[in-house]
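Chain letters run A, B, ... following the sequence lines, proteins first, then strands; residues in each count from 1.
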Amino acid sequence: MKEEITRSNFIKTFIDEDLESGRFSKVHTRFPPEPSGYLHIGHAKAIVISYGIAEEYNGLYNLRFDDTNPLKEDKEYELGIIRDIKWLGFDWGDRLFYASDYFPILYDFAVELIKKGKAYVCDLSPEEMKIYRGTLTEPGKDSPYRNRTVSENMDLFERMKNGEFSEGSKVLRAKIDMASPNMNMRDPVMYRILFKEHHRCGKQWCIYPSYDFTHGQSDSIEGITHSLCDLSFENHRPLYDWFIEELGIFHSRQIEFSRLNLSHTVTSKRKLKELVENDIVKGWDDPRLPTLIGLRRRGVPPEAIKEFVGAIGTSKKEGVIDVETFDYYIRENLKLTSSHIMAVLDPVKLVINNYPEDKCEILNLENFPNLKDSETREVKFSRTLYVERDDVKEESDEKFFRLAPGNYVKLRKTYIVKCTAVEKDNSGRIDTVYCDLVPDSQKSMKIDSKKVNGIIHWVSANDSIDAEVRIYDKLFTKENPLDDKGADFKEFINSNSLSVYKNCKIENSVAKAKQEDRFQFERVGYFCVDMLDSVDGKLVFNKTLSLR
RNA sequence: AGGGGUAUAGCCAAGCGGUAAGGCAUCGGGUUUUGGUCUCGACAUGCGUAGGUUCGAAUCCUGCUACCCCUGCCA
């Protein structure tokens with residue numbers, strides 16, 4: 001196994017300082033998804049950072065659903081998120097929380113701020129509020145409702161809660177500073193009226209707290225020491241701190257880092273949704289998508305994702321990681337964990353002229369040829385085999401050292417064979433290749449002291465099973481599909497991102513393979529049994545990656 | 001009266017005043033019954049830029065430039 005390289009980063013430096021200064025005596029983090037979509041590789045980075053740091057400091061981590069907007073959220077997403085994080089291998093024990101469970105406390109917090117004169121009910125319409133807010137370069141104006149008395153605000157807020165006012169007619173706002181250069185501090189909305197049933201609270205509430213009024217206090221309630229989030233919340237930190245300080249509650253520390261951008265794909269809920277809804281892919285679990293369920297279905301091991309995230313580091317620089325780097329860590333894992341077999345994707349028949357029709361040899365081949373003392377499996381060899389169409393040519397050339405008339409080729413783990421002829425079908429496609437077997441050449445790599453360069457894989461025709469194999473390529477042809485501002489990102493879709501091979505021939509040792517089992521098809525790539533469409537007797541494989 | 005961030009190799013990324021770690025990619029050599037694996041080696045006189053401080057600066061100071069984020073009753 002490989003050693004853990006726990007590189008230093010700015011977050012750990014902060015934590016070390018906090019521990020040393022005594023600001024905190026332990027580390028407790030959280031991952032706070034909104035149940036409004038599926039998790040993708042970008043979320044995996046956030047999870048691995050938050051949870052990984054807690055583990056590293058022997059601390060705890062929570063899973064908390066940030067479910068403050070009933071318009072967007074759904075139980076289905078919640079379940080998907082839980083499934084995906086568990087798949088990654090994290091266990092939050094009994095610390096599964098919901099921001100919606102804090103609605104009563106949050107309501108009390110709001111009342112407290114009203115009493116302190118730090119919050120008020122505002123009747124401005126959304127349009128008016130926008131005007132009053134000012135612009136990036138001009139200060140805003142105070143709302144005409146800003147100076148309502150405490151008792152008036154108390155009364156109004158309670159009546160908002162009781163459903164006496166219509167949606168959008170009133171909000172509760174923090175009274176901070178309409179001239180602040182930070183727009184988030186210009187009297188931000190704390191509560192809005194929404195007559196919408198919540199997927200967990202039902203109709204209990206018709207006012208819902210905003211993200212800003214929820215997140216920090218939720219962190220505080222749970223005793224989160226370090227609240228790690230992405231750069232877009234950096235501008236919210238003053239507000240995060242303001243609420244906590246005005247309320248005088250446990251002060252979590254928010255630290256922001258850059259989110260992950262992967263080349264040749266998109267990681268944005270909205271864009272992923274667009275791909276799904278326009279039928280460009282076949283669902284959130286399409287193996288071409290960077291969603292966790294898509295990656296899982298493609299055969300990417302969760303450990304590879306964690307290793308990858310650990311390897312790319314954590315900083316505040318917004319960059320794009322080349323998928324090649326991700327692929328490297330997937331292969332790094334797969335080459336040690338997936339057993340080897342031989343499989344022919346696009347079969348051509350190979351007949352050995354001088355091998356008896358009724359003869360059959362049994363080979364014991366290693367499942368992990370690169371490991372010492374690998375377990376073995378039985379593979380049969382006979383007169384008629386299948387080989388890969390790519391490994392056969394009508395005429396040879398200098399760079400081609402596989403099957404073509406006159407060429408000697410090594411059949412992996414068995415005889416050397418000399419190609420004598422190829423035969424085509426009516427359409428002109430090569431149909432069958434004929435070879436002479438070189439006797440006693442199982443252990444040899446030479447013919448007349450000349451090295452045989454070509455080694456090809458094969459499957460015995462009578463000892464193989466049929467399978468479907470789905471090959472995936474990059475979903476986008478452009479490194480960053482979003483960096484052309486004049487074009488829609490969907491214009492850069494790779495039209496060849498999926499190809500299906502329906503009559504592949506696979507050695508029958510895998511006939512009993514189960515969903516999600518992973519294999520290396522020697523000389524071809526890494527594959528896994530599809531978790532949805534594969535059934536006993538009709539196996540479907542997804543290509544995870546090619547060999548390099 | 002705008003504010004908040006970020007700049008170290010093709011892509012990531014350490015470095016925190018003592019003379020540029022590491023990974024991916026790339027390029028060479030060796031091993032190998034997978035054109036794979038493994039292995040050995042090469043790869044920034046240079047840290048956005050211009051000055052300054054210092055015996056010494058990627059690190060400290062000043063000015064400049066580029067890019068990202070912020071004007072939801074989204075998170």
Side-chain angles (χ1 to χ4, degrees), chain A residues 5 7-10 13 32-34 36-37 66-69 71-73 99 122 124-126 129-140 167-173 179-186 188-194 207-208 210-212 214-215 229-238 256 258 260 263 269 308 310-329 331-332 335-336 340 342 369-371 399-402 410-414 416 442-445 451-457 479 520-525 546-548:
Chain A
I5 301 160
R7 212 198 351 263
S8 137
N9 66 48
F10 76 102
T13 303
E34 184 191 20
S36 62
D66 224 332
D67 54 352
T68 59
N69 186 355
L71 264 21
K72 295 166 64 181
E73 296 148 11
C122 181
L124 252 26
S125 67
M129 223 167 121
K130 189 179 164 80
I131 294 165
Y132 274 81
R133 188 158 32 232
T135 70
L136 294 176
T137 52
E138 295 158 327
E167 248 178 49
S169 63
K170 283 181 168 49
V171 292
L172 181 72
R173 293 226 255 169
S180 171
N182 182 340
M183 302 297 278
N184 295 128
M185 301 298 271
R186 320 245 264 224
V189 169
M190 294 165 59
Y191 267 94
R192 72 275 207 186
I193 300 170
L194 241 35
I207 56 171
Y208 292 93
S210 63
Y211 164 84
D212 284 310
T214 306
H215 202 87
C229 60
D230 77 70
L231 255 26
S232 62
F233 294 101
E234 205 156 20
N235 294 327
H236 293 249
R237 183 158 22 99
E256 313 84 11
S258 61
L260 166 66
S263 74
K269 250 181 226 177
F308 164 67
I312 58 176
T314 309
S315 76
K316 297 187 73 153
K317 184 173 135 184
E318 301 182 79
V320 181
I321 310 284
D322 200 309
V323 268
E324 285 270 10
T325 304
F326 186 31
D327 291 349
Y328 171 84
Y329 286 95
R331 289 195 185 94
E332 195 72 357
K335 74 187 175 201
L336 295 173
H340 294 38
M342 290 198 282
N370 296 326
L371 300 180
K399 287 200 161 174
F400 185 76
F401 35 83
R402 284 162 281 158
K410 179 75 180 180
L411 293 177
R412 163 136 249 242
K413 295 292 180 183
T414 183
I416 292 173
Q442 293 98 319
K443 296 276 188 292
S444 168
M445 279 304 288
K451 190 165 189 223
V452 174
N453 280 317
I455 301 166
I456 65 168
H457 57 100
E479 183 176 317
Q520 176 185 142
F521 291 1
E522 290 199 325
R523 296 212 314 127
V524 183
S546 61
L547 263 19
R548 296 193 71 206

Using a heavy-atom cut-off of 4.0 Å across all strands, would you classify [X] as base, sugar-phosphate, or nothing?
X	result
A/E522	base
A/T68	sugar-phosphate
A/T314	sugar-phosphate
A/N9	sugar-phosphate
A/K451	nothing
A/T325	sugar-phosphate
A/D66	sugar-phosphate
A/H340	base
A/K410	base
A/H215	nothing
A/I131	nothing
A/S8	sugar-phosphate
A/K170	nothing
A/K413	base

[X] [atom1] to [N] [atom2]: how many Å, rounded?
X	N	atom1	atom2	result
A/L136	B/rC70	CG	P	10 Å
A/I321	B/rA9	CD1	C1'	15 Å
A/N182	B/rU71	CG	C1'	11 Å
A/R7	B/rA13	CZ	P	8 Å
A/E318	B/rA66	CD	P	18 Å
A/E256	B/rG4	CD	P	14 Å
A/I193	B/rG72	CD1	C1'	16 Å

| field | Nearest-nucleotide 5' precedence on RNA chain B, A/F401 against A/T137 | value |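 By nearest-heavy-atom nucleotide position, the 5'-most residue is A/T137.
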
Taking OP1 and OP2 of [N], is either one under 4.0 Å from a side-chain nitrogen or oxygen of [X]?
X	N	result
A/R173	B/rG72	no
A/R192	B/rC74	yes
A/Y211	B/rC74	no
A/K335	B/rG36	no
A/R186	B/rA1	no
A/S36	B/rC74	no

Quiz item: [X] side-chain donor-acceptor pair to [N] base, under 3.5 Å:
X	N	answer
A/D322	B/rG10	no
A/N235	B/rG3	yes
A/R237	B/rG4	no
A/E138	B/rU71	no

| Can you tell me if A/K410 uses its side chain to pair, donor with acceptor, with the backbone of A/S444 under 3.5 Å? |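 Checked: pair present.
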
For the [atom1] atoms, the ones on [N] and on [M], what distance do you get once it is rounded to whole angstrom?
N	M	atom1	result
B/rG48	B/rA7	P	9 Å
B/rC24	B/rC38	P	10 Å
B/rC11	B/rA44	P	16 Å
B/rG23	B/rG63	P	39 Å

| query | Have A/S180 and A/N182 got a donor and an acceptor in their side chains that come within less than 3.5 Å? | reply |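 No donor-acceptor contact under 3.5 Å links the two side chains.
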
| request: Would you mind pulling out the nucleotide paired to B/rA66, Watson-Crick or G-U wobble, both distances under 3.5 Å? | output: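 B/rU6 - that is the nucleotide pairing with B/rA66, both distances being under 3.5 Å.
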
| request: Could you please name the partner base of B/rG51, counting Watson-Crick and G-U wobble pairs only when both distances are under 3.5 Å? | output: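 Matched B/rG51 with B/rC61 under the 3.5 Å cut-off.
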
